[in-house]
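Computed from a predicted structure; not experimentally measured. Quick note on labels: first sequence line is chain A, next is B, and so on, each numbered from 1.
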Amino acid sequence: MSARLPDEIRPVMENGVPVVIATCSKDGIPNVSIVSEVFYVDPATIALSFQFFSKTIKNVRENPRASIILNDIPAGRRWVLRVEYDHSETEGPIFDAMDLQIEAIASATGMSGIFKLRSADLYRVLGVETIARS
Amino acid sequence: MAILRLVSPVRSPEPVARVLPGVLVQFLDRASVAVACTRDRDLVPRIHYVSGWQLDADQKSIWCFIPKEFTPGLQESLDDNRQFALTVEHIGPHETYQFKGTGVSLRPATDHDAAVVARCRGRFASALIALQAKLAGKSAVLERYILDPAVAFRFAVREIYLQTPGPGAGTLLAKLEEPA
């Protein structure tokens, strides 16, 4: 089961608005975090940064299913992605691009130097839907 | 900004509190955005946007006011496993905590709940405008992004974690006594 990201989602992924990610441990304890950005890799893959050991990082390595929400505030619309953790990369073009972007975001929010990218975590997209004010 | 650090990450065991610590009660009153999560029986997580939140009179459970677009899965969670997580952030200083616990009840939202949401909605818009000057004058657009509540979900807090971005994120700050 897989899905393709529509072209119109790319600007939302790059709008700088924080993203919500939900995961669940193998013991069944849910976890929800707000992260700075999700990265577009290709129409079937997104990436999240692994900067600190966190419950999200731990959870997806024992239960790969996750849910992500992207915010498009001007359009009053949220994008819901169902994803599955696939693998991590610690070098290469995806890693380098994310590293650069993270430092740019950190600098813009007064948190320069705090964040160091450990890996780019790649997720397969299983489903995409939008939620707008009804 | 007063970020709660009740215990250092290496100190153990964590303190067990009877009610939510006062600094967190104050935090909930100034926070500007919240999101929650449940999971199904297959351990697939589901996000629920929270339009407003309020500490219960018992001082150890929290009401989450959730729009209808994000209600799927709530009743199933209560019926199946009751596991619930709520992350609340004060936009701007990035002060963030995650409250984990057990679902207690679900009911339709009331006018009182809508009034609570209106206050949270105002804080959301104000926080974003303070963060980005270009948003000045767009308060109505920002407020509309926080949807009207359809249901009120109450959960009993079991654990509280620091989630402010940085190396301390994930630190267990306090546990609450289990209900008798």
| task | Check the pair A:Ile73 / B:Leu128 against side chain to side chain contact (heavy atoms under 4.5 Å, CB included), numbers first and verdict last. | result | CA-CA 11 Å; A:Ile73 294 176; B:Leu128 285 180; 4.1 Å; yes

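- Counting all heavy atoms, side chain and backbone alike, B:Cys37 lies closest to A:Ala22 at SG-CB, 3.5 Å.
- Residues B:Lys100 and A:Lys55 form a side-chain contact, since some pair of their non-hydrogen atoms from C-beta on lies under 4.5 Å apart.
- Here the SG atom belonging to A:Cys24 is positioned 13.0 Å from the CZ atom belonging to B:Arg46, to the nearest 0.5 angstrom.
- Of the atoms belonging to B:Thr38, it is backbone heavy atoms, and not side-chain ones, that fall under 4.5 Å from chain A.
- Between B:Gln98 and A:Pro30, the shortest heavy-atom contact is OE1-O, 4.4 Å.
- Around the CZ atom of A:Arg4, the shell of radius 6.0 Å holds no more than 12 heavy atoms that belong to other residues, nucleotides or ligands.
- A single hydrophobic cluster is seen to contain both B:Phe124 and A:Val17, as judged by linkage of ILVMFWY side chains at heavy-atom distances under 4.5 Å, directly or through other members.
- Counting heavy-atom pairs closer than 4.5 Å to chain B, the top residue among A:Asn63, A:Val32, A:Asp27 is A:Val32.
- Note: the hydrophobic cluster containing A:Ile102 does not contain A:Ile21 (ILVMFWY, side chain heavy atoms under 4.5 Å, direct or indirect links).
- In this structure, chain B has no heavy atom under 4.5 Å from any part of A:Asn59.
- Atoms OG and CD, from A:Ser25 and B:Gln83 in turn, are 8.0 Å apart once rounded to the nearest 0.5 Å.
- No other option in A:Asn31, A:Thr56, A:Ile131 has as many heavy-atom pairs under 4.5 Å with chain B as A:Asn31.
- Taking CD1 from A:Ile29 and CZ from B:Arg39, the interatomic distance works out to 7.0 Å, rounded to the nearest 0.5 Å.
- Proximity to chain A (any heavy atom under 4.5 Å) is shown, for B:Leu131, by neither the backbone nor the side chain.
- How far NZ of A:Lys26 is from CG of B:Leu43: 11.5 Å, rounded to the nearest 0.5 Å.
- Interface remark: A:Pro18 contributes no atoms to any contact with chain B (heavy atom separation under 4.5 Å).
- Cluster membership for A:Val80 and A:Met13, using ILVMFWY side-chain heavy atoms within less than 4.5 angstrom, is not shared.
- By a heavy-atom distance cut of under 4.5 Å, A:Ser33, A:Ile34 are the residues of residues 33-48 of chain A near chain B, going up by number.
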| Worked check of side chain to side chain contact (heavy atoms under 4.5 Å, CB included) between B:Asp40 and A:Arg65 | CA-CA 11 Å; B:Asp40 66 16; A:Arg65 295 296 297 273; over 6 Å; no

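- Clustering ILVMFWY residues whenever any of their side-chain heavy atoms sit less than 4.5 angstrom apart, transitively, puts A:Val83 in the very cluster that holds A:Val19.
- With a 4.5 angstrom heavy-atom cutoff, B:Phe70 touches chain A only via side-chain atoms.
- Neither the backbone nor the side chain of B:Arg82 comes within less than 4.5 Å of any heavy atom in chain A.
- In the hydrophobic clustering of this structure, A:Met98 does not group with A:Leu81; members are Ile, Leu, Val, Met, Phe, Trp, Tyr whose side-chain heavy atoms approach within less than 4.5 Å, directly or through other members.
- Between chain A and the residues B:Val141, B:Ile47, B:Thr87, the most heavy-atom pairs under 4.5 angstrom are made by B:Ile47.
- Judged by a 6.0 Å distance limit and a 45° cone about the ring axis, A:Arg78 is positioned over the six-membered ring of B:Tyr145.
- More than 12 heavy atoms of other residues, nucleotides or ligands sit less than 6.0 Å from atom CZ of A:Arg61.
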